[in-house]
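Report on one structure; see the data block that follows.
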Number of protein chains: 2
Amino acid sequence: MVTIEDVARAAGVSKGTVSLVYSGKRPISPATRARVLDAAAELDWVPSSRARALATRRSQTIGLVLARDPEIIATDSFFARFVAGAESVLATRSMGLLLQVVSTPEQERDAYRSLARGRADAVILTDLLVDDPRPALLADLRLPAVVVGASPDPAPHPRVLSDDRAAVRDVVDHLVGLGHERIAHVSGPAGYVHGHDRRAAFVDAMAAHGLDPALVVEGDFSAQSGREATARLLDADDRPSAIVYANDVMAIAGLNHAQSRGVRVPDDLAITGFDDIELAAHLTPSLTTVQTDVVSWGRRAAEVLLRHLDGAVPEDAWIAPSRLVVRESTAGAPAART
Amino acid sequence: MVTIEDVARAAGVSKGTVSLVYSGKRPISPATRARVLDAAAELDWVPSSRARALATRRSQTIGLVLARDPEIIATDSFFARFVAGAESVLATRSMGLLLQVVSTPEQERDAYRSLARGRADAVILTDLLVDDPRPALLADLRLPAVVVGASPDPAPHPRVLSDDRAAVRDVVDHLVGLGHERIAHVSGPAGYVHGHDRRAAFVDAMAAHGLDPALVVEGDFSAQSGREATARLLDADDRPSAIVYANDVMAIAGLNHAQSRGVRVPDDLAITGFDDIELAAHLTPSLTTVQTDVVSWGRRAAEVLLRHLDGAVPEDAWIAPSRLVVRESTAGAPAART
DNA sequence: CTGAAAGCGCTTACAG
DNA sequence: CTGAAAGCGCTTACAG
């Protein structure tokens, strides 16, 4: 293996000089610089990231630990887009993203400990639980972090935030504007901060219109749960005329279940989703939903972290607010497809 | 930061002994072992992976470079499940998965070069192109690799394979058994080996029944392309009575487009997908498709790679064959939902 | 079974 | 602007 030593010898300089040419931490004369670069190119040398990591105490890696069921991860579609967004920023600094999927709290703890012991310089926290133990754990491990989405105040870590409350309110306003009064909500898991918050936002929005926000069924973001929740709502005596789902997958499953029972959408039942996955625009009827820019979430999270690592005081970042996209599942008329 | 030095001192042994306790590469007396472990626990010490990486020339990391558009990655659902499968195996050996998303061939080359220079011990190759330059590049970089899915023979790297051809043949047989003769195919991108292979399998299966396999439209796995391909097929004079899609997302978009034109599924048009994403079972009609066990793909890929790194002669691994799942979109009768 | 020491391939004060 | 040398925190022959 060719090392910095070989390059230094070939260029007739010291190892330190070669290093400086690459880090740019101190001025190097153009002539020397050229000789070093030529030698490196000649020998096809690239600095070893392992050695560099040890010497600098930086691994140039961001950790992401996911504690979700693989199937949920898959259908949620959040994951892939988020990762792509984060990567697009990290790549500009040749930083990597180290992924870890865990299934027990012990595995999760171990994962963060191992990241803290040199595998990662910082981590991204997603899917915060109500009373999540991770922020404290990371503070304990002195591992810099950014929290994606809502987190309890005061936050020990900088956050990337978006105003979901406003989006939920827009959805409810839209339905009320169409004349709906019996509006139900199929929520995400209540243990999660985002599920909890969207649900609270729904309750508030209903209350603002003087409507009863009692029709809430808890789902888990899976198609299965969307279908079951819908069945329960449609079986009830006080059947709703509209259902607000916490994600598109549950909404699509609900929409199809309703149709299979002969319930017409949107005539008998209006339906809204959340996420705006690609399929949403290609259904019959197409799905009214809330567009979230997940790629931007990933990008911003990476930016906040990099700035943090650069020594800046960590600051929260805001994402452009989620946008209501009205389509046929609430509008009735064959609206333009987005 | 507490180091192996501190632990050695506290336990009254040499650094080498501490190291040996953890690696188990040589026998250590129970008494010494206990003293070391106690000291480590007391000091809350875990070996630094950075230092270990340099000393062992192993980073305990597998690389995965994705050259796809983030949106395609997201909807394909392959990615998240595959990663979860791979991770479940890597975690047992405390190995990490380093992710990289690139958008240009240059970025891709750089990504593999940087992985080869110490960031990863091996890589997983997915989505092989017809005439893919990567196998040669990796051989050049001496970076061990496993190829997921079909790859040209003879393969320079071990592969994880599954018999897609049989699955496509099952689909065609199923449709022919229902009396269909004008069967169309909406394929994946022809530049990809898997897209290419499934398409070839379709052509062969049709030929085996003495049917004309000319009705093939190329898609790109997105809902958008599924919809457009379907529109073209339904607009044609020789409209097919069945369409075989190369993935579920295109099939779902196609199904909904057909319905929006008043084409009844399955009465006027039978539809089949590929993947069996969670939504497939929750549509109206539910989608006949081919179930692929993507989590197993990830698991097997990781296993092959680990065995390779352990010094075993690399060998191809086979995944249980994909299975046809018959549902309402071809059966007509309200079949049992899976 | 254990210790002392060299080495992994870089970076970074310190001197000049 | 450049060099010599120590140091990052482990692992692993080599000796005993």
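This structure is a prediction, so every number in the text was calculated from the model and none was measured. The chains referred to below are lettered A, B, ... by the order of the sequence lines, with proteins before strands, and numbering in each begins at 1.
Distance B/Gln60 CD to C/dC8 P: 20 Å, rounded to the nearest Å. Going from atom CD1 of A/Ile28 over to atom P of C/dT12 covers 13 Å, rounded to whole Å. Whole-Å rounding puts the B/Arg119 CZ to C/dG9 P distance at 18 Å. A straight line from CD1 of B/Ile4 to C1' of D/dC8 spans 14 Å, rounded to a whole angstrom. Atom C1' of nucleotide D/dG9 and atom CZ of B/Arg58 are separated by 19 Å, given to the nearest angstrom. Between B/Asp6 atom CG and D/dG9 atom P the separation is 9 Å, expressed in whole Å. A straight line from CD of A/Glu5 to P of D/dG3 spans 13 Å, rounded to a whole angstrom. What separates CG of A/Leu20 from P of D/dC1 is a distance of 11 Å, to the nearest Å.
Along DNA chain C, the nucleotide closest to B/Lys15 and the one closest to B/Arg33 are compared, and the more 5′ of them pairs with B/Arg33.
Among the protein residues, B/Leu54 comes within range of the nucleic acid bases, having at least one heavy atom under 4.0 Å from a base atom. Counting non-hydrogen atoms under 4.0 angstrom, B/Arg50 reaches nothing in the nucleic acid. Backbone-only engagement by A/Lys25 is indicated by non-hydrogen atom pairs under 4.0 Å involving sugar-phosphate atoms exclusively. Using a 4.0 Å heavy-atom cutoff across all strands shown, B/Val18 reaches no nucleic acid atom at all. Residue contacts for A/Arg117: at a heavy-atom cut-off of 4.0 Å it reaches the sugar-phosphate backbone alone, with no base atom in range.
The closest side-chain heavy-atom distance from B/Arg93 to B/Asp310 is below 4.5 Å. A heavy-atom distance below 4.5 Å is found between the side chains of B/Val148 and B/Phe82. Under the 4.5 Å side-chain criterion, counting only non-hydrogen atoms from C-beta, A/Leu306 is in contact with A/Leu90. Using a 4.5 Å heavy-atom threshold, the side chains of B/Arg300 and B/Val89 count as separate. Counting heavy atoms from C-beta outward, A/Leu66 and B/Glu87 have side chains that stay 4.5 Å or more apart.
Using a 4.0 Å cut-off, some side-chain N or O of A/Ser14 falls inside it from OP1 or OP2 of D/dG3. Remark: A/Arg52 is in phosphate contact with C/dT11, judged by side-chain N or O atoms under 4.0 Å from OP1 or OP2. For C/dG9, neither phosphate oxygen OP1 nor OP2 lies less than 4.0 angstrom from any side-chain nitrogen or oxygen of A/Ser48. A close approach under 4.0 Å does occur between a side-chain nitrogen or oxygen of B/Ser29 and OP1 or OP2 of C/dT2. Between A/Ser19 and C/dC10 there is no side-chain N or O to OP1 or OP2 distance below 4.0 Å. Note on B/Thr32: every side-chain N or O is 4.0 Å or more away from OP1 and OP2 of C/dC1.
Picking from D/dT2, C/dC10, C/dT2 the nucleotide with the shortest atom distance to the side chain of A/Thr17 gives D/dT2. The side chain of A/Trp45 lies closest to C/dC10 when the candidates are D/dT12, C/dC10, D/dC10. The side chain of A/Ala55 has C/dC10 as its nearest neighbour among C/dC8, C/dC10, D/dT11. The side chain of B/Pro27 sits closest to C/dC1 out of C/dT2, D/dT11, C/dC1. In this structure, the nucleotide among D/dC14, D/dG3, C/dG9 sitting nearest to the side chain of A/Met1 is C/dG9.
Pairing for D/dT2 goes to C/dA15, judged as Watson-Crick or G-U wobble with the two contacts each under 3.5 Å.
Ionic pairing of B/Arg113 and A/Asp44 is present here: one or more N-O contacts between side-chain nitrogen and carboxylate oxygen are shorter than 4.0 angstrom.
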